[in-house]
Amino acid sequence: MQRITIDPITRLEGHGKIEIFLDEQGNVANSYFQIPELRGFERFCVGRQVEEIPILTNRICGVCPEAHHMAGAKAVDAVYHVDPPRTAKMLRELLYSAFYVTDHTTHFYALAGPDFVMGPDAPVAERNILGVIHKVGLEIGGKVIQARKYGHTVVEMIGGRKVHPCTSIPGGLTKGITEEQRQQIEEMGRWAVDFALFSLKLFDEIVLKNSTYLDLILGDIYTHRTYYIGLVDENNKVNFYDGKVSVVDPEGNRIGKYAPHEYTEWIAEHVEPWTYLKFPYLKKVGWKGFVDGKESGVYIATPLSRLNASDGMATPRAQEEYEKFYQTLGGKPVHQRLATHWARLIELLYAAERWVELATDPEITSDNFRTIPTEKPTEGVGIVEAPRGTLTHHYWTDERGIATRVNLIVGTTNNYAAIQMSTNKAARNLIKGGNVNEALLNMVEMAFRAYDPCFGCATHTLPGKMPLEVIIRDANGEPLRELKQNL
Amino acid sequence: MMKNQLRTRIIGLGNPILGDDGVGWKVAEQIEKELEAKQPLYPHLCIDVQKFSLGGLSLMEQMIDIDAVILVDAIQTGHQPIGSVYRLNLDELPNYSAGHTSSPHDTSLQNALQAGKLMGAHLPDIIRIVAIEAEKVYEFSEHLSPPVEQAIPKACQAVWEYLSELEEKR
């Protein structure tokens, strides 16, 4: 047996990759952002009992298994034409709210935080969670770990096991919660509300009070005028678990709302020759290429888009922050992509408040957590908001409930066209005359980082994370520079 | 757990429905089956076996209050034939998220462990890795490629030998 040093360059096939082509003057001619795609999930599911799929889909991805479980559970409810009782819906949403707190916390402190706390031009080795902890204090690190621990605990209590929940079945859940568990969940939720408020205060102090950062957020480099979508409740307030998908145009006018089963009337997919992944767009507007504006069907589905597509937040403190957000950034909709980080923290607060609301509902401990399905299974669509975008699961079955077809539109895919546009625009604005350095490169990366793109589903193989490669080519297509700051 | 035992966790990593990426789980399952019979060989180790599809912070959290960890996972180096078994230490893996381009949603395990230690968590000083050179990790399947399947006994052997080393050091 031999000891080796791993050369990650050999894993090119699996890399997320940005290729930037320069023209003869050394300016950016074009850039391409490629995400690897996992293949064969539909084939894998066909022939299985449909209620197995919400358990299987949560293995698609190690980053957001809870989102796949919930979208899958709702799709299976629809396949069996069954409406779960109120308690079951609340328990699922409670689990989901706790998951959101965990996920949004991780994003802000481990991923977005370094850009703002350390600064976009800080040395690479410091631009990570360790740098953040060193700079702002160990106490904050402890709070981050605590927030994650509480989120995991609620997921395990309601979802039946750690990380990959398995209790949602057609018509509801396999189990409810006891009064003792409810009390614990409530207590953890109240802590999470304080933590979210603390995080917003930190954002206010570190980012909003820093004019350089505020200028960066408000600048044109990171701005695109696109359509926005997001799930809303009957009052058009943001909802992560249930409702209809609201669609607003670049001027902020709602052009409609669609129920999960209507998604094919609204969303179509465009194919490009340079990537396996498809680009979803709004069917009613049409695909006009990677361009902004009202005539282009490019949309986004992110925390920012959810705020833009809604009329507000359904909890009081998050609503206050929502109002402050639009007042500070000059009205609705907000097109500046870096504002997504702020929007994410407002959602963190909403998720925590909703966690407490649900945990204190008198019916949450009821034994009525399942409606037994009685109809023949056919076909069904389930939609939830994954932290990084609207997640759609569509299953078809035969009359025995055996899956015959499966279609998924996952969070990051919704944003693929917009990520491509943002990366391209940042590269064009920042790379001039062939001058490329690490600080500029990081600022290009910041363009896509705001979307929280997730290749998590492909990152389990050691060394554990998928590297992202940046290749800059000259006017003849020859590699001019390959940026491997992490390789 | 008996006093003075080393809390030892074997973690099968990977995605059990993503072809060869599931090999870590298969090895862990095999170890689990044999553990009861072999446990008497390791009186100073309190051994448990887990299977996860995790990385970074989430993986670190599964190591809190553990003294020694053996990770079993698929690897793609392209340098050795499919099914080759490697024994590595954590510091032999590149720390990809020195920056975070590579890590769109998390941080590396190395950074996560450092962060955890900074925050006062008890994390293992010993992390050994058994890795199996994989072929197909981008296509959904519950089956392993034949050479990867055939590597399971050798990978299990590597785990048992790591455990013997830990036992001898106690």
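These numbers come from the heavy atoms of this one structure, side chains and all, not from hydrogens, waters or symmetry mates. Here is how names work: the chains are called A, B, and so on, in the same order as the sequence lines, proteins then strands, and each is numbered from 1.
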**Q** As an exercise, state the distance from CG of B:Leu57 to OH of A:Tyr109, rounded to the nearest 0.5 Å.
**A**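 It is 13.5 Å, given to the nearest 0.5 Å.
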**Q** Count the heavy atoms belonging to other residues, nucleotides or ligands that lie under 6.0 Å from NZ of A:Lys149, then report whether that count exceeds 12.
**A**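 No, because the 6.0 Å sphere around NZ of A:Lys149 holds 12 heavy atoms or fewer from other groups.
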**Q** Which region of A:Leu138, side chain (C-beta onward) or backbone (N, CA, C, O), has a non-hydrogen atom less than 4.5 Å from a non-hydrogen atom of chain B, or is it both or neither?
**A** both
**Q** Say you draw a straight line from CD1 of B:Ile64 to CD1 of A:Ile145; how long is it, rounded to the nearest 0.5 Å?
**A** 6.5 Å
**Q** Output every pair passing salt bridge (charged side-chain N to carboxylate O under 4.0 Å, His left out) with a member in residues 58-70 of chain B, not counting sequence neighbours, ordered by first then second residue.
**A**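 Checked against salt bridge (charged side-chain N to carboxylate O under 4.0 Å, His left out) - neighbours excluded - the pairs reaching residues 58-70 of chain B are A:Arg148-B:Glu61, B:Arg7-B:Asp67.
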**Q** Taking atom NE2 of B:His122 as the centre, report whether more than 12 heavy atoms of other residues, nucleotides or ligands fall under 6.0 Å from it.
**A** yes
**Q** Let me confirm one number: the CD-CE distance from A:Glu139 to B:Met119, rounded to the nearest 0.5 Å.
**A** 12.5 Å
**Q** What part of B:Gln62 lies closer than 4.5 angstrom to a heavy atom of chain A: side chain, backbone, both or neither?
**A** side chain
